[in-house]
Protein chains: 2
Amino acid sequence: MYICGMELQEAKEKFIQTWGALGSQWGINRTMSSIHALLITSNEPLSTENIMEQLKISRGNANMNIRALIDWGLVKKQLLAGERKDYFTASKDVWEIARVIAKERRKRELQPVIEIVSELKDIREKNEEAEAFKEVISNMENFTTQVDRVLEKFVKSDRNWFYRSLLNLIR
Amino acid sequence: MYICGMELQEAKEKFIQTWGALGSQWGINRTMSSIHALLITSNEPLSTENIMEQLKISRGNANMNIRALIDWGLVKKQLLAGERKDYFTASKDVWEIARVIAKERRKRELQPVIEIVSELKDIREKNEEAEAFKEVISNMENFTTQVDRVLEKFVKSDRNWFYRSLLNLIR
DNA sequence: TTTTATTTTCAGTATTTTTTGAAAATTAAA
DNA sequence: TTTAATTTTCAAAAAATACTGAAAATAAAA
């Protein structure tokens, strides 16, 4: 019985809940981030059934979201000797997690925007209104390609570069 | 009649559509980002009715989302002399837009996570499993507070600092 | 091969989120 | 005042999204 502080189980549940809520605020579905959080906090690989049980979700739901996580590169299958079931793990390394998420979002979201912005430059009209629009688009292209380059660097970098760069930025 | 390239109107519509889709991928509702995009590309302030017409949405919907945008600091009311209606504008400055979005998301999302992570540190248990969890949480606290500091700096910085920093990062 | 365990799929259902539209509230002019 | 224009609210409807559960597919063991 703990007077202050909290028990491990309670903390894990709170973490799973928070991670889930955070994900859904960022356009990732709640179950997917909850499963991710569960795996992050689990000290051993979990099977689909473990996950279904602990999060009280159906097999179909578990299966779909595990696959999505694997697709993102956030979760890996682990074959356990003598076991027929698949087991799953997630990296506990926060920097690595951030790196993978940045990599995927760059690919899935930033790249398409850059493409479309680049298309939108081709306007022939020459009046004031058109020029103003072109100016916005041109700035946006500038901005997105710069951000893209930074993300690319981050994704390819190592932990030391990242933490060193952060320090430089806030210096 | 244009052979290649596109007309201004078409480009604007494409931009509005893209911006809307992007927003919804990032947990901001599609109408809200579409209104924002419409205002970014408009060369004059627009009234609620203008917005309703151009995006084909209801008055209630327009009103709620305009207010949300004002709440975020992305849109401003503009009183037009001799007009009774409210008119709205949005900054066309991409850097400024990014700054405001970073500011709001930092306040609304990063801060709460930092708070919760800090709470989760108080675990009394001392077994191996608890230590592993504490390690994850501690790294997460580290990471989030560092990112928070960079965002704070960005939010308070000027355009020059930002572009200079980006250049330094990718150098 | 057949049997059994496991994973995948997906139509139907449930839930959540967004939107509408009309009534109520507010604001400014008459 | 009263009247008219405008904005806000919010219950109900619609749309989008997520979830279930059972059947089909796959893979491994017997």
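These numbers come from a predicted model, not from an experiment. Order of the sequence lines fixes the chain letters, A, B, ..., with proteins taken first and strands second; residue numbering starts at 1 for each chain.
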Undergrad: Could you give the CG-to-P distance, from B:L80 to D:dT6, as a whole number of Å?
TA: 13 Å

Undergrad: If you take all heavy atoms of B:S34 and B:G20, which pair is closest and at what distance?
TA: OG-CA, 3.9 Å

Undergrad: What's the closest nucleotide to the B:T31 side chain, out of C:dT8, C:dT18, D:dG21?
TA: C:dT18

Undergrad: In whole Å, I'd like the distance from the CG atom of B:N61 to the P atom of D:dT8.
TA: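 After rounding, the gap between these two atoms is 14 Å.
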
Undergrad: Given D:dT20, C:dT19, C:dT7, identify the nucleotide with an atom nearest to the side chain of A:K85.
TA: C:dT7

Undergrad: Where is the tightest heavy-atom contact between B:V136 and A:K92, given as atom of each residue plus distance?
TA: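 B:V136 and A:K92 have their closest heavy atoms at CG2-CB, 3.9 Å.
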
Undergrad: Measure CD1/B:I66 against C1'/D:dT7 and give the value in whole Å, please.
TA: 10 Å

Undergrad: Please evaluate residues A:N50 and A:S47 with respect to the criterion side chain to side chain donor-acceptor pair (under 3.5 Å), reporting the C-alpha separation (whole Å), side-chain torsions for both, the decisive distance (0.1 Å), and the verdict.
TA: CA-CA 5 Å; A:N50 294 153; A:S47 69; 3.3 Å; yes

Undergrad: Figure out the CG/P separation between A:N65 and D:dT20, and round it to whole Å.
TA: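 Rounded to the whole Å, the gap is 10 Å.
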
Undergrad: May I have the distance from B:E83 (atom CD) to D:dT7 (atom P), rounded to whole angstrom?
TA: 10 Å

Undergrad: Given B:I123 and A:E7, is the side-chain contact (heavy atoms from CB on, under 4.5 Å) satisfied, shown in steps?
TA: CA-CA 6 Å; B:I123 293 174; A:E7 291 191 59; over 6 Å; no

Undergrad: B:L55 has an atom CG; how far is it from atom P of C:dT19, in whole Å?
TA: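 From B:L55 CG to C:dT19 P: 11 Å.
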
Undergrad: If each of A:R59 and A:N29 is mapped to the nucleotide of DNA chain D with the nearest heavy atom, which maps nearer the 5' terminus, i.e. the 5' end?
TA: A:N29

Undergrad: Can you check the A:N50 CG to C:dT6 P distance for me, whole Å?
TA: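 Roughly 12 Å, once rounded to whole Å.
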
Undergrad: Over how many whole Å does the gap from B:L79 atom CG to D:dT6 atom P extend?
TA: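 Taking atom P of D:dT6 as the reference, CG of B:L79 is at 14 Å.
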
Undergrad: Can you tell which of D:dA18, C:dG21, D:dT7 lies closest to the side chain of B:T48?
TA: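 Nucleotide nearest to B:T48's side chain: D:dT7.
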
Undergrad: With nearest nucleotide decided by heavy atoms, which residue, A:A62 or A:R84, maps closer to the 5′ end of DNA chain D?
TA: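 The 5'-side residue here is A:A62.
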
Undergrad: Ignoring backbone atoms, establish whether A:N63 has a side-chain N or O less than 4.0 Å from OP1 or OP2 of C:dT7.
TA: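 Answer no for this pair, as no side-chain N or O of A:N63 is under 4.0 Å from OP1 or OP2.
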
Undergrad: Identify the residue among B:K76, B:K107, B:R108, B:K77 that makes a salt bridge (Lys or Arg N to Asp or Glu O under 4.0 Å) with B:D71.
TA: B:R108

Undergrad: Tell me which of A:R30 and A:R67 sits closer to the 5' end of DNA chain C, going by the nucleotide each one is nearest to.
TA: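 The answer here is A:R67.
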
